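Fair warning: this is a prediction, and the values are worked out from it, not measured in the lab.
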Amino acid sequence: MINLLVLEWIGSLAGILGAFLLATNTKASRYGWIAFLAANLALIGFSIGISRYGLLVQQLAFMFTSLLGIYRAGFFDSAKP
């Protein structure tokens, strides 16, 4: 089982990276959504591990916004005919 401290730090650092990438407004900005998704997944595991269900609900909602961002950033454009 993954240590809760590891999940907490992965979530924190991936979230910071995602915010930085989006703030740069460059070609690399689209990868901020991937970093946010990684942060969401880590913090979902963390919130379950510490039994904080309000945080879990928040991270689930943020995960859906991250998925929307990934879609809108064009990561699935190559799949279209």
Gap separating the [atom1] atom of [X] from the [atom2] atom of [Y], nearest 0.5 angstrom:
X	Y	atom1	atom2	value
Thr65	Leu60	OG1	CG	11.0 Å
Phe20	Ile16	CZ	CD1	12.0 Å
Met63	Leu56	CE	CG	9.5 Å
Phe46	Ile10	CZ	CD1	12.0 Å
Leu22	Tyr31	CG	OH	13.0 Å

Checklist entry - Same hydrophobic cluster for Leu41 and Tyr71, using side-chain heavy-atom links shorter than 4.5 Å among ILVMFWY? => result yes
Item to check | Shared hydrophobic cluster for Val57 and Ile44 (ILVMFWY, side-chain gaps under 4.5 Å) | outcome: no
Item to check | Ala73: partners by side-chain contact (heavy atoms from CB on, under 4.5 Å), with sequence neighbours left out | outcome: Arg30, Trp33, Phe75
Checklist entry - What closest approach, in Å, do Gly11 and Ala39 show between heavy atoms, and which atom pair accounts for it? => result O-CB, 3.3 Å
Item to check | side-chain contact (heavy atoms from CB on, under 4.5 Å) assessment of Phe76 paired with Ile70 | outcome: CA-CA 8 Å; Phe76 298 107; Ile70 289 168; 3.9 Å; yes
Checklist entry - What residues form a ring-ring contact (aromatic ring centres under 6.0 Å, His included) with Phe62, not counting sequence neighbours? => result none
Checklist outcome for this item: For Ser66, the side-chain hydrogen bond (donor to acceptor under 3.5 Å, both in side chains) test, sequence neighbours excluded, returns Asn40
Checklist outcome for this item: Contacts of Thr24 meeting side-chain hydrogen bond (donor to acceptor under 3.5 Å, both in side chains) (sequence neighbours excluded), chain-then-number -> Thr26, Ser29
Item to check | Step-by-step side-chain contact (heavy atoms from CB on, under 4.5 Å) determination, Leu7 to Leu43 | outcome: CA-CA 6 Å; Leu7 288 175; Leu43 291 173; over 6 Å; no
Item to check | Of all pairs that satisfy side-chain hydrogen bond (donor to acceptor under 3.5 Å, both in side chains), the ones with a partner from residues 44-58, not counting sequence neighbours | outcome: none
Checklist outcome for this item: In short, side-chain hydrogen bond (donor to acceptor under 3.5 Å, both in side chains) pairs touching residues 4-18 with sequence neighbours left out are none
